[in-house]
Amino acid sequence: MPRKKITLENTIDSLSILDEKGKVDKKLEPKLSKDDLLKLFRAMTLARRYDERMLKLQRQGRIGTYGPALGQEAASLGPAFAIDESDWYVPSFREPAGMLYRGWPMARLMLWWGGNEIGATPLPKMNDMPISVPVASQIQYGAGIAWGLKLDGGDRVAVAFVGDGGTSEGDFHEGLNCAAAFGLPLVVVIQNNHWAISLPRHKQSASKTLAQKAIAYGIDGIQTDGNDILAMVEATREAVAKARKGGGPTLIEAVTYRMGVHTTADDPTKYRKDEEVEPWKPKDPLVRFWKYISDKGVLDEAGREQMEKEVTAQISEAVEASESYEPNLMEPFDHCFAERTPALEQQRAQFEAYLNGNGNGKASGSAPVSHSAVH
Amino acid sequence: MPRKKITLENTIDSLSILDEKGKVDKKLEPKLSKDDLLKLFRAMTLARRYDERMLKLQRQGRIGTYGPALGQEAASLGPAFAIDESDWYVPSFREPAGMLYRGWPMARLMLWWGGNEIGATPLPKMNDMPISVPVASQIQYGAGIAWGLKLDGGDRVAVAFVGDGGTSEGDFHEGLNCAAAFGLPLVVVIQNNHWAISLPRHKQSASKTLAQKAIAYGIDGIQTDGNDILAMVEATREAVAKARKGGGPTLIEAVTYRMGVHTTADDPTKYRKDEEVEPWKPKDPLVRFWKYISDKGVLDEAGREQMEKEVTAQISEAVEASESYEPNLMEPFDHCFAERTPALEQQRAQFEAYLNGNGNGKASGSAPVSHSAVH
Amino acid sequence: MAMLNMAKALNLALREALAENDKAIILGQDVGYDEGVFRITEGLLKQFGEERVVDFPVAESAIIGLAIGLCVTGYTPICEMQFSGFGYHGFHQIESHATRLRNRTRGRFTCPMVIRMPYGGGIRAIEHHSESRETIWAHLPGMKVVIPSGPRNARALLRASIQDPDPVMFYEPKASYRAFREEVPDEPETMEIGKAQVVREGNDVTIISYGASMRPVLEAAEELEEDHGIDAELIDLLSLVPLDRDTINASVRKTGRCVVVHEAPKHIGPAAEVVAGIVEDSLLYLEAPIERVTGYDLVLPFFNSELPFMPDVRKVISATQKVLSF
Amino acid sequence: MAMLNMAKALNLALREALAENDKAIILGQDVGYDEGVFRITEGLLKQFGEERVVDFPVAESAIIGLAIGLCVTGYTPICEMQFSGFGYHGFHQIESHATRLRNRTRGRFTCPMVIRMPYGGGIRAIEHHSESRETIWAHLPGMKVVIPSGPRNARALLRASIQDPDPVMFYEPKASYRAFREEVPDEPETMEIGKAQVVREGNDVTIISYGASMRPVLEAAEELEEDHGIDAELIDLLSLVPLDRDTINASVRKTGRCVVVHEAPKHIGPAAEVVAGIVEDSLLYLEAPIERVTGYDLVLPFFNSELPFMPDVRKVISATQKVLSF
Ligand SMILES: Cc1ncc(C[n+]2csc(CCOP(=O)(O)OP(=O)(O)O)c2C)c(N)n1
Ligand SMILES: Cc1ncc(C[n+]2csc(CCOP(=O)(O)OP(=O)(O)O)c2C)c(N)n1
Ligand SMILES: [Mg+2]
Ligand SMILES: [Mg+2]
């Protein structure tokens, strides 16, 4: 009795199914139809090409600062795939793969990065929250959504995302602690891409893994190979199944890597060596998944080329759609409150007069744009 | 490789040395001189009697709302005893035992609860922070103090306190995570008294122990019998020794119980059964420590009576001192900034005129006091 | 009609909300079994159960944050912050999401939540339990700020706030919880948010206030009339967002003189906005500078010294006399 | 003398502080190896090492909270919040401790910390990166709020803020970081906190502003003179706490007319305080209502729409004309 080790009740596992060479662990291989495999591959391809195009658009000054998710496609897609449409998907800001899979019109995502609220507006029936900027804050409303789902009495779940850096925030802690204490159907996926802008993973926290932070909340944690789409699907399926049965939250640490810049305003050469990036290249989630499905005979080179063409066309269409969008400058006055207050009514009138004043609605002479370092 | 348990590197132990019957585990018994044992017993007695007197003063309307620490004397005293004067003691609000031991004039603590800033002012050379009200916020400045000590280059440490309820706050998480990531000489003691006002421990967090929250930060945690002064001394000594050697923070969960009200504004019969309190009575830290030192021949009944008399006298003196204190109403204008701003200069003049207006400086006709339920 | 104090009146409004709207949920620290540290949620757990009246861990950011998620899934959360002095922990959730979600999603998601916070001094509480920081909330675009002054308007405004489709900061003058009783109608009563009330008509000077400060102001008005023959018009703002400039202007245009009273610090406080609005709309009607009777730009002292630092009858009277003798 | 932009000028002040005061420590996200997302801390890690320039985890409450502890142990922390939109996470630490520690301990412990935050719109940033919420800080008793407008005063005021024995919110107009250069003296230069500057003398009207808005205001003044023959006096407040009412009064008493300009929302914004102060001190000198040219009471729209929602030259000109034609 006097001095003892305390037995911890929660499991912290690690999971990897499809290795870097595209070899699968047969015992763990999740059941996926050919159709599923194709869907997943297309979604990953689409996300990759979208990212590449966005980087180009940014360089051309056609959108604002952009935060790519290159190399992280599996980590955000797996959970999107493993849940139902009626479940909720609560992204942070590096989940274009999952968001596109969930049905966000690509043009809207482009418009978000182009500085338009319409890019944060999901389609009428989507159970999806928009991109969230304040790091870790979305864990809280993710938990709140899970609470609502629990109160609704069905078996729906919410999946919320956060970065490795975000685990340092108080909101990460409060959200997970409350979700666990209330037994909410919430799955939290940490996209551990090893960097919070310039702060490497090991300087963010002294914990060996991020998955083990689950112990603090009395829930299970699992560290997955985040570049392994099969592991991501499987880990999420397990967590979701548990949550649906009232088993409460699970913490998934998806170990992945930020292959590119934090955002286009960032210059990673200041703080990380190319050598660190190198070993991650062969771990590319697309490369190994391609190996897997082509070995399986699900898709051949010709099919893949065809798919790439379709994806390119889809992206170009989205670019066009987004660039033909014109924001309505009066709209902000309609969306502050359900009804305008007298002050807003008056300010709206002033603003309208101002816009009419020189016919084009653009401010003249105000601070010129200078945002070299804004991420 | 594919699916594995992750081995956690930190230890979560439990520790108890002096059992409920006053029987000691010889292997673990910390080295304490007769003088030390007497000091500890006197300090616990003093804190207990202080608390009792404060409750009376509150009932008599001579101080404001009071939050007693009855039964928690060992948990706050052990760490105070185990550190040096040059170390820092960072209390929450239920550490009168440790604060008095550290040298806070008792009259000042009384003045704090009587609504006077002087009660938050440590003596010139004390390395002590005052009572902290916003739950868990002190973990942050505790970590900052530890940081300062580390930068100073010596081997001094800081010990900071928080309640079980406080572990739900984001500040608990951020403070500990940063302290661990920076390797700061900080010891955090959770006084788990099983209640956060009306919220029982098990509803605050799904984690089986609070000590295991250490795992989230990659540090060791230890759950101690918080009513066992020997375990508290020993656990703190270990943690402090590690911190002095650059080993970083430790989390100590002192398992104790809130024997009384949350504060005098609280009515625990609304949310907890007397039956729950009963089993804790025999665990009283004073009772068992008295058994231990009297068995050891350190103190006899007569000595104890003498000690009680001295303690009573000391408390009465403090009551008198505190009640002869008159706050200087002009003082707040001197302590907002090092130098008054023009606005404060003007406001001070207005205030002075106001005070002189009716000669007694008391506001007439303002909202009468009504605080039945303020804790 | 029952004679209720403000605590009971608020309790009535909450009870009605839970009964009328089965999506309404009360969440906060100690709101359940303990019935709230001020007993505002008395009896509600018993009547509506643990699902509707939720004891929350000590995590204010999570109270707001989870409430936002509840809103997204169609619920109407009514949050209690135990004291306004601990509401700051949720500031970022309020600023970043609660006040923005409607705008951000072009109305797809909204936050019809209420955040109740007891504020203000004068109850002999320890540090952090006596602040008046309504300014910081009222300055944030996208949130209404309602501050009742008596039992009847507290009940009616809390009902309105819960029904409001947008986030409402409901700032409760805790010194008034049990200070007096008023007749509160049995049948549900709602007041429109954003309308100030002329609670006393007068011709010599306009005194504008809200919340706990209404009590010394009312007393001062009586005394001004009786002892000094001054006929003051009193306006109870009742909400800072929206601010009822029409009512203010009408009165000031009549009296030409004005005093604004609140507990909050003076510097960039609500009184400054009242004055600036009057200058914009009614400058030419002003016959004297407008006096502000407010808290000082200091942290309110610990309770043994706090009363002289708050607005009181004497301060209101002398400011009014000053305005009138200009 | 070197021609520096504001980013370089701030960098200079930080470099000087680290060199002169070995207790000074810079802490914040990405301030070290990355040299700050705006490169304000360029070269500092290299020169002073990891102990003095500390890359902090993404935990804003901890940045402030730990800085308070550093103060207690005799250090001078200079905190960077990456954007003012993420400073709210530290609100409770600032309100509860940083601004109160001196008062609470009767001067035994103090908080001579500086909190730097880039604020404001106009840089095509994503949501939460464009706010102007100086009001919420300036309303808190116990903290100074300094807002520079150009390279030279930025350097001198940052030096003064770091030397100040009390907490200073140093709110940096990020749109001005690289907008223009100015001569900045090589030798250390310090400005007194709390003194406004008359940056242009004039007789017809007083235009008061600060921070990033000074640029459209200056341009407007030129245009007012050239195109409309209006001779405007311009005041750059430079700090909101302390607020320099003397300089404001002197100018308004001369011109009788006034326009106040800022990016922050209008409702209970700094302009309201400026107006209320003028009413208290100089009402009889006013010849026209005071116009406020401010942000609307809206969240600043996403960047594709933001510019028309900010104060600009045309808005300042038309408000000034309105004040003059009254
Ligand atoms: C509360 C908050 N603080 C700071 C920032 C600025 N910021 C944006 S992303 C980022 C790093 C986040 O790192 P991580 O969580 O690992 O996500 P990643 O960018 O790697 O996907 C920071 C500090 C922010 N958006 N929100
Ligand atoms: C940030 C904050 N939120 C709420 C409160 C009100 N409050 C005071 S004590 C308390 C419960 C704290 O429980 P615990 O941490 O277990 O400490 P204990 O009172 O049991 O010693 C609460 C909610 C506070 N003081 N600070
Ligand atoms: Mg990351
Ligand atoms: Mg407790």
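Because the structure is a prediction, the values reported are computed rather than measured. Lettering follows sequence order; numbering is per chain, from 1.
The shortest distance between side-chain heavy atoms of A:Pro134 and C:Glu95 does not fall below 4.5 Å. Between A:Met129 and C:Val72 the shortest side-chain heavy-atom distance falls below 4.5 Å. Side-chain contact between A:Phe182 and C:Val54 is present, with at least one heavy-atom pair separated by less than 4.5 Å. The shortest side-chain heavy-atom distance between C:Tyr75 and A:Asp152 falls under the 4.5 Å cut-off. Residues C:His97 and A:Ser137 are in side-chain contact: their nearest non-hydrogen atoms beyond the backbone lie under 4.5 Å apart. Looking at C:Ile25 and A:Leu151, their side chains come closer than 4.5 Å, going by heavy atoms from C-beta outward. With contacts defined as side-chain heavy-atom distances shorter than 4.5 Å, the pair C:Pro167/A:Phe337 does not qualify.
In this structure, chain C has a heavy atom under 4.5 Å from the side chain of A:Leu184, while its backbone stays farther away. If you measure heavy-atom distances from C:Leu243 to chain A, you find no contacts under 4.5 Å at all. With a threshold of 4.5 angstrom between heavy atoms, C:Asp55 approaches chain A through N, CA, C or O but not through any side-chain atom. With a 4.5 angstrom heavy-atom cutoff, C:Leu27 touches chain A only via side-chain atoms. Residue C:Lys23 touches chain A through its side chain alone, counting heavy-atom pairs closer than 4.5 Å. For C:Val58, no part lies under 4.5 angstrom from a heavy atom of chain A.
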What side-chain donor-acceptor pairs closer than 3.5 Å can you find for residues 156-167 of chain A, not counting sequence neighbours?
residue: A:Arg156; atom: NH1; partner: A:Ser86; partner atom: O; Å: 2.8
residue: A:Asp164; atom: OD2; partner: A:Trp195; partner atom: N; Å: 3.1
residue: A:Asp164; atom: OD2; partner: A:Gln204; partner atom: NE2; Å: 3.0
residue: A:Thr167; atom: OG1; partner: A:Asp164; partner atom: O; Å: 2.7

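The aromatic ring centroids of C:Phe109 and A:Tyr141 lie 6.0 Å or more from each other.
Of all heavy-atom pairs spanning A:Gly144 and C:Thr73, the tightest one is O-OG1, 4.2 Å. The shortest heavy-atom contact between C:Arg108 and A:Pro124 is CZ-O, 3.0 Å. Closest of all the heavy-atom pairs between A:Glu174 and C:Ala62 is OE1-N, 2.9 Å. Here the shortest heavy-atom pairing between C:Pro141 and A:Cys336 reads C-SG, 4.5 Å.
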**OP:** I would like to know whether C:Arg104 and A:Glu117 meet salt bridge (charged side-chain N to carboxylate O under 4.0 Å, His left out); could you show each step before the answer?
**Re:** CA-CA 5 Å; C:Arg104 179 184 298 148; A:Glu117 282 81 357; over 6 Å; no
**OP:** For the pair C:His92 and A:Asp171, evaluate side-chain contact (heavy atoms from CB on, under 4.5 Å) and give the outcome as yes or no after the intermediate values.
**Re:** CA-CA 10 Å; C:His92 62 282; A:Asp171 278 6; 2.9 Å; yes
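Once rounded to the nearest 0.5 Å, the distance linking CD of A:Glu339 with CG of C:Asp164 reads 9.0 Å. Expressed to the nearest 0.5 Å, how far CD of A:Glu169 lies from OG of C:Ser61 amounts to 9.0 Å. C:Ser96 OG to A:Gln140 CD: the interatomic distance, rounded to the nearest 0.5 Å, is 11.0 Å. Atom-to-atom distance recorded for C:Thr105:OG1 and A:Asp128:CG is 12.5 Å, nearest 0.5 angstrom. The CD1 atom of A:Ile139 sits 11.0 Å away from atom CG of C:Leu66, with the distance rounded to the nearest 0.5 Å. A:Lys150 contributes atom NZ, which lies 7.5 Å from atom CD of C:Glu51 (distance to the nearest 0.5 angstrom).
C:Asp166 places a side-chain N or O within 3.5 Å of a backbone atom of A:Ala338 that can act as its donor or acceptor partner. Of the possible polar contacts, none joining the C:Arg106 side chain to the A:His335 backbone as a donor-acceptor pair under 3.5 Å is found.
For C:Gln47, the CD atom sits in a packed shell: over 12 heavy atoms of surrounding residues, nucleotides or ligands are nearer than 6.0 Å. Applying the 6.0 Å contact sphere to OH of C:Tyr285 captures no more than 12 heavy atoms from other residues, nucleotides or ligands. Applying the 6.0 Å contact sphere to CD of A:Gln350 captures more than 12 heavy atoms from other residues, nucleotides or ligands.
Contacts with chain A were tallied for C:Gly107, C:Pro242, C:Cys111, C:Gly142; C:Gly142 has the most, counting heavy-atom pairs under 4.5 Å.
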